[in-house]
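Values below: every heavy atom of this structure, side chains too, minus hydrogens, waters and symmetry copies. It should be emphasised that the depicted structure is a prediction, and the values quoted were computed from it without experimental measurement.
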Amino acid sequence: MSYSAVPIHSPKMSDLNVVFEDEHLIVIDKPSGLLVHRSWLAKDAREFALQKLRDQIGQHVFPAHRLDRPTSGLLLFAKAADTARALTAEFTERRVEKRYHAVVRGYLADGVLDYPLREELDKIADKYADQDKAAQPAITAYRCLRQVELPYAVSKKHQTSRYSLMELQPQTGRKHQLRRHMAHLRHPIVGDTHHGDGRHNKFFREHFGCHRLLLAATGLTFQHPHTKQTVALQLPVPQDFLCAFNAVDALDQRLLGGA
């Protein structure tokens, strides 16, 4: 059974996009570039999802999980601390189904990657953390939805450039897991400034005006901690993920029209 609800509050133009809301939970479509909460590691940030949502609905909210700053998509909050703890337990026990979409460099087929990851530590924030901690299990299932070849030599090795639109389903929740797993497969996510390919990032910025990480949390399925019903939420693939594919479609249409 799927449980759904419509936003309770009337939205304003500057408001965060609320995908789901009831008396216990609220889910937003977090924009790329927005931090979940304040962090001294990102002193440049002036807006945060937690504070914006609190002000938007006029009550405290508690994040049940995290999304990286450059990742957009479904972000779940609870309206009470005990509800947040119950949801966090679902994530910890891997009872939440998560789905993402991403654009990666090259042609990547379907598969499952089981590749342990060492914890990424910050030099300052994790100064006293265990630097020799063993790699932790990390599993990602991936499925190719669409592929495109563009007539541009982004790298010196190839006269054309290829990209794949992927559906990613992490079976574990390691830090930067999807970005690191795609990089391990030699198919980094476009727009990833830490694990990606700068040449392709630059190409998307200059050719398509795309300045973001092309990774979005588009699916979230979990058990409602109070009603015990299944909440299944989905977002469409963001339009800027399709810029390369739409460019080829437009070219094909022009060629067909001129034939």
Side-chain angles (χ1 to χ4, degrees), residues 32-33 67-73 99-123 135-172 174-218 237-259:
S32 173
L67 287 180
D68 293 339
R69 184 178 186 177
T71 304
S72 67
R99 184 184 66 175
Y100 293 74
H101 282 88
V103 177
V104 304
R105 182 192 70 188
Y107 280 2
L108 179 60
D110 301 352
V112 176
L113 177 61
D114 185 347
Y115 179 72
L117 295 171
R118 295 181 65 88
E119 187 175 359
E120 287 190 333
L121 299 176
D122 182 87
K123 293 181 180 179
Q136 298 175 301
I139 303 172
T140 300
Y142 50 94
R143 182 167 69 97
C144 183
L145 302 178
R146 194 172 176 186
Q147 296 178 329
V148 67
E149 184 171 13
L150 301 178
Y152 297 97
V154 176
S155 70
K156 295 181 179 179
K157 293 183 179 180
H158 306 284
Q159 295 303 306
T160 61
S161 297
R162 294 177 172 181
Y163 302 97
S164 299
L165 175 64
M166 306 297 299
E167 179 184 273
L168 309 176
Q169 288 189 295
Q171 308 303 311
T172 51
R174 307 307 173 199
K175 184 177 181 180
H176 297 167
Q177 176 176 316
L178 298 180
R179 296 158 68 178
R180 296 171 70 187
H181 268 181
M182 292 301 101
H184 176 76
L185 292 171
R186 303 294 186 268
H187 294 278
I189 298 175
V190 174
D192 190 341
T193 57
H194 293 288
H195 307 283
D197 187 320
R199 296 167 300 179
H200 292 269
N201 296 347
K202 181 180 179 182
F203 172 68
F204 267 68
R205 287 195 304 269
E206 296 181 347
H207 197 81
F208 298 114
C210 183
H211 297 264
R212 61 159 295 182
L213 172 71
L214 295 184
L215 176 65
T218 52
V237 178
Q239 281 300 307
D240 44 4
F241 283 41
L242 305 177
C243 55
F245 305 93
N246 291 340
V248 169
D249 290 343
L251 178 60
D252 290 344
Q253 288 298 321
R254 288 198 297 269
L255 292 175
L256 289 173

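- The nearest pair of heavy atoms linking Pro137 to Arg174 is O-NE, 2.7 Å.
- The closest side-chain heavy-atom distance from Gln136 to Pro116 is not below 4.5 Å.
- Once rounded to the nearest 0.5 Å, the distance linking SG of Cys243 with CG of Leu214 reads 6.5 Å.
- For the pair Leu108/Cys144, no side-chain contact is recorded, criterion being any heavy-atom separation below 4.5 Å from C-beta on.
- Interatomic distance, CD of Gln177 versus CD of Gln171, reported as 8.5 Å (0.5 Å rounding).
- Atom CG of residue Leu67 and atom OH of residue Tyr100 lie 5.5 Å apart, to the nearest 0.5 angstrom.
- At least one side-chain heavy atom of His101 sits under 4.5 Å from a side-chain heavy atom of Leu145.
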- Message: Go through it in stages, so that I can follow the logic: the residues are His200 and Arg105, the test is side chain to side chain contact (heavy atoms under 4.5 Å, CB included), and I'd like the CA-CA distance, side-chain angles, deciding distance and then a yes or no.
- Response: CA-CA 8 Å; His200 292 269; Arg105 182 192 70 188; 3.4 Å; yes
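- What you find for Asn201 and Gly191 is that their closest heavy atoms are OD1-N, 2.6 Å.
- Using a cut-off of 4.0 Å between Lys/Arg side-chain N and Asp/Glu carboxylate O, Asp68 and Lys175 are scored as not salt-bridged.
- Here Ser32 contributes atom OG and Leu215 contributes atom CG; the two are 9.0 Å apart, rounded to the nearest 0.5 Å.
- Side-chain rings of His181 and Tyr142 stay apart, their centers remaining 6.0 Å or farther from each other.
- Comment: Arg179 engages Asp192 in a salt bridge, judged by a side-chain N to carboxylate O separation of less than 4.0 angstrom.
- The backbone N or O of Arg143 lies less than 3.5 Å from no partner atom in the side chain of Asp110, so there is not a single donor-acceptor pair.
- Contact check for Leu168 versus Arg99: no side-chain heavy atoms found under the 4.5 Å cut-off.
- Atom CZ of Phe208 has more than 12 heavy atoms from other residues, nucleotides or ligands within 6.0 Å.
- Among all heavy-atom pairs drawn from Val154 and Ser161, the shortest one is CG2-OG, 3.0 Å.
- Considering all non-hydrogen atoms of both residues, His187 and Val104 come closest at O-CB, 3.3 Å.
- To the nearest 0.5 Å, atoms CG (Asp114) and CD1 (Ile139) are separated by 4.0 Å.
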- Apply side chain to side chain contact (heavy atoms under 4.5 Å, CB included) to Tyr107 and Tyr163, showing your working. CA-CA 6 Å; Tyr107 280 2; Tyr163 302 97; over 6 Å; no
- Tell me, with the steps shown, if Thr140 and Val112 meet side chain to side chain contact (heavy atoms under 4.5 Å, CB included). CA-CA 6 Å; Thr140 300; Val112 176; over 6 Å; no
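- Inter-residue side-chain proximity for Asp240 and Arg212 is flagged as met; some heavy-atom pair is nearer than 4.5 Å.
- With Tyr152 as the fixed residue, the side chain to side chain donor-acceptor pair (under 3.5 Å) test singles out one of His207, His158, Gln159: His207.
- Between Pro238 and Ala216, the shortest heavy-atom distance links the atoms CG-CB, 3.9 Å.
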- Message: Let's go through Phe204 and His211 carefully: what are the C-alpha distance in whole Å and the side-chain angles of both, what is the deciding distance for side chain to side chain contact (heavy atoms under 4.5 Å, CB included) to 0.1 Å, and is it a yes or a no?
- Response: CA-CA 7 Å; Phe204 267 68; His211 297 264; over 6 Å; no
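- Taking CD1 of Ile189 as the reference point, atom NE2 of His176 lies at 10.5 Å (rounded to 0.5 Å).
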